[in-house]
Amino acid sequence: MRVSNRNPDRNATTRRFFLLVLGVFAAAFFLLPSTTTAPAVGGKDEGSSSLSPSTSDLFSSGLHFVRRSLLAAESNPLRARAELIRKQLGDHTAVAGAYASYARRLKLESSKQARLFAELARNLSNLLAAHRPLLDPSAPLDEASVRGFERGVKDRIRAARLLIVDAKDSFDNQLKIQKLKDTIFAVNEQLSKAKKAGAFSSLIAAKSIPKSLHCLAMRLMEERIAHPDRYVDPPTPPPELEDPKLYHYAIFSDNVLAASVVVNSAVRNSREPWKHVFHVVTDRMNLGAMQVMFRTKDYSGAHIEVKAVEDYKFLNSSYVPVLRQLESANLQRFYFENKLENATKDTTNMKFRNPKYLSMLNHLRFYLPEMYPKLHRILFLDDDVVVQRDLTGLWKIDMDGKVNGAVETCFGSFHRYAQYMNFSHPLIKEKFNPKACGWAYGMNFFDLDAWRKEKCTEQYHYWQNLNENRTLWKLGTLPPGLITFYSTTKPLDKSWHVLGLGYNPSISMEEINNAAVVHFNGNMKPWLDIAMNQFRPLWTKYVDYEMEFVHQCNFAA
């Protein structure tokens, strides 16, 4: 009695709970037989595929009993069933219409999907209109008419779902984004392969010998063999070849026509040609052709010396690191192993796999003081340059104790030391500034006395030996040149040397016309068919087309 007075609401709550449980069991007992005998709207035999996704989830959750009880509680189960079918039909009609509108906004390449969704929406609407009398609350209902309505709706809903699944790639933004990413990746792969193939083809075109150039070398060699007495060197070299008071040039080349253009252009544009001395060095195979080329005309009194690399006996593998490295099996495999992947693996540095970068003709520039011990200054010219004005002004420049006079090529972040050397290597990082400005080979004025004082050749040997495994820089002559003449290079005015005529079509003609020397560096050399037409006449104007051998080999003007 004391407990009851202390908590009067507790007993009432307990009684209400038991009455509720009893009512639920009673309802289940009386309603279950009638619902099991009536056809189910969403039964497994017919209705599972005709319901909307939310209704299907309701069935799969196991709540059949509650839905059946509610339908049984209605005064007319067929009416509720028809109303549910109508709602599903209306929902799918709205979805089909929305997809059709979205397809039109997307402006798909094919209007097929837009037409299909619009037609489906119309069919669903027509079906609903055709059975509207069935949905009239005052109209009588029977099992057969409801079942027919349900069957028609079920077929169209199935078609709608299949169409939505097929169109998912076009309407799902995430799938579209992923598909675009896959397409971009595939196109980039194709682009990368095309670039490698293009670079490889360009390299082959650039390094191949044109038929006319090969013809010229053979014709000149034939002349050398047929008349050996005409081209014998004099027993005593002319004293002008070692006279330090004259203007001396060094040209190292195996291209007979290119070397002749360099000499022709320099002689024609000099005020006093007889004061100019050209030291042409080639390999043993082209020596005879070079001798014939430079001894068949006078060159306005200029002095020309033609020699072979082999004539300099000190250039052997015991002294020259490059020759010693060429004897190693690893380097021979790197250059001469005939595998396509070796040629196209590194597109950026593909050109450095060409064995010419180990040719002594390229590395002779590091031995100028020893080759010409009596000279004080010398001008080095590549064989792909054209001289456009008198160059004697270079000999009047105060070198300020520097060894190498060259035109700098850096602008912004381009052509600085970081682009040529491996600054992750501790030796390179310790000795050099990655932001130091690079310069160009092709026209370099060397003070040989300062060279000997600074011992630049010894510096070159030191670094070349360290780079035998190619960890300090890629092969070539510019990186070791940048290292050898680091802090000993005097910048020249840019008008002395204009570069890029072999790869850059955007160089202005004003800049070219004001240049003392123009340089066809790049793959599109002027003697090749791939040369740029706007620059080619700058070179061809110095080709001696009147020469018999040039005429015989059909060189195009």
Side-chain angles (χ1 to χ4, degrees), residues 250 252-254 281 283 309-310 312-336 346 348-373 378 380 382 402-404 406 409 415-434 436-442 444 446-448 450-489 521:
F252 308 140
S253 174
D254 57 0
V281 181
D283 52 29
V309 175
E310 292 80 3
Y312 298 94
K313 301 302 181 184
F314 70 92
L315 297 174
N316 52 61
S317 58
S318 63
Y319 179 66
V320 179
V322 169
L323 293 178
R324 182 171 62 255
Q325 292 169 9
L326 187 58
E327 296 174 354
S328 69
N330 289 336
L331 203 60
Q332 290 179 8
R333 189 181 307 112
F334 177 80
Y335 276 103
F336 302 111
D346 187 357
T348 304
N349 298 295
M350 186 188 302
K351 66 178 184 177
F352 297 119
R353 300 184 71 91
N354 193 314
K356 85 160 200 169
Y357 285 95
L358 288 179
S359 168
M360 274 309 300
L361 288 177
N362 276 284
H363 288 264
L364 279 180
R365 63 194 70 186
F366 294 104
Y367 300 96
L368 289 170
E370 296 162 282
M371 295 173 67
Y372 310 106
I378 194 168
F380 168 78
D382 264 341
K402 303 293 186 181
V403 177
N404 172 35
T409 57
H415 295 290
R416 297 189 180 272
Y417 271 52
Q419 289 185 279
Y420 300 101
M421 288 171 279
N422 177 20
F423 274 86
S424 63
H425 196 286
L427 278 176
I428 297 293
K429 187 176 182 179
E430 178 185 356
K431 297 290 185 180
F432 305 100
N433 178 7
C437 189
W439 43 265
Y441 263 135
N444 303 83
F446 290 109
D447 186 329
L448 300 183
W451 184 317
R452 298 179 185 103
K453 181 179 178 181
E454 297 290 340
K455 298 182 178 180
C456 292
T457 301
E458 287 81 352
Q459 284 290 318
Y460 163 70
H461 284 176
Y462 170 78
W463 288 102
Q464 192 70 48
N465 284 324
L466 290 177
N467 195 47
E468 184 171 1
N469 56 0
R470 303 183 301 279
T471 57
L472 303 184
W473 67 82
K474 294 292 190 296
L475 292 177
T477 54
L478 182 55
L482 295 175
I483 288 178
T484 301
F485 303 113
Y486 182 67
S487 74
T488 62
T489 296
N521 58 313

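Note that the structure is a prediction, hence the values are computed from the model and not measured. Hydrogens, waters and symmetry mates play no part in the numbers below; they use all other heavy atoms, side chains included.
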Separation between [atom1] of [X] and [atom2] of [Y], rounded to the nearest 0.5 Å:
{"X": "L478", "Y": "H415", "atom1": "CG", "atom2": "NE2", "result": "9.5 Å"}
{"X": "C437", "Y": "R416", "atom1": "SG", "atom2": "CZ", "result": "5.5 Å"}
{"X": "F252", "Y": "Y367", "atom1": "CZ", "atom2": "OH", "result": "12.0 Å"}
{"X": "S253", "Y": "D283", "atom1": "OG", "atom2": "CG", "result": "9.0 Å"}
{"X": "M421", "Y": "K429", "atom1": "CE", "atom2": "NZ", "result": "14.5 Å"}

[X] and [Y]: side-chain donor and acceptor closer than 3.5 Å?
{"X": "H363", "Y": "Y460", "answer": "yes"}
{"X": "N465", "Y": "R324", "answer": "yes"}
{"X": "W451", "Y": "T457", "answer": "yes"}

Side chains of [X] and [Y] in contact at under 4.5 Å (non-hydrogen atoms):
{"X": "Y441", "Y": "N521", "value": "no"}
{"X": "V320", "Y": "Q464", "value": "no"}
{"X": "T489", "Y": "V403", "value": "no"}

Is there a donor-acceptor contact under 3.5 Å from the side chain of [X] to the main chain of [Y]?
{"X": "Q459", "Y": "E454", "result": "no"}
{"X": "Y417", "Y": "L482", "result": "yes"}
{"X": "R365", "Y": "N362", "result": "yes"}
{"X": "Y372", "Y": "A250", "result": "no"}
{"X": "N467", "Y": "T471", "result": "yes"}
{"X": "N404", "Y": "K402", "result": "no"}
{"X": "N444", "Y": "A440", "result": "yes"}

* Using the side chain to side chain contact (heavy atoms under 4.5 Å, CB included) rule, pick out the option among N422, I483, I428 that qualifies with L472. =>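 Filter result, single survivor: I428.
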
* To do: List the atom of K313, the atom of N316, and the distance in Å for their closest heavy-atom pair.
  =>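 Minimum heavy-atom contact is O-ND2, 3.2 Å.
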
* Heavy atoms only: give me the nearest N433-Y486 pair and the separation to one decimal. =>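 Result for this residue pair: N-OH, 3.3 Å.
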
* Aromatic ring proximity, centroids under 6.0 angstrom, H461 and Y319 -> yes

* Do L364 and L315 pass the side-chain contact (heavy atoms from CB on, under 4.5 Å) test, and can you show the C-alpha distance, the side-chain angles, and the key distance before you say yes or no? -> CA-CA 9 Å; L364 279 180; L315 297 174; 3.3 Å; yes

* Are the charged groups of R452 and D447 less than 4.0 angstrom apart, N to O? ->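 The answer is no: the pair does not qualify as a salt bridge.
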
* Structure fact -> Of W463, F485, Y420, the one forming a ring pair (Phe, Tyr, Trp, His ring centres under 6.0 Å) with F432 is W463

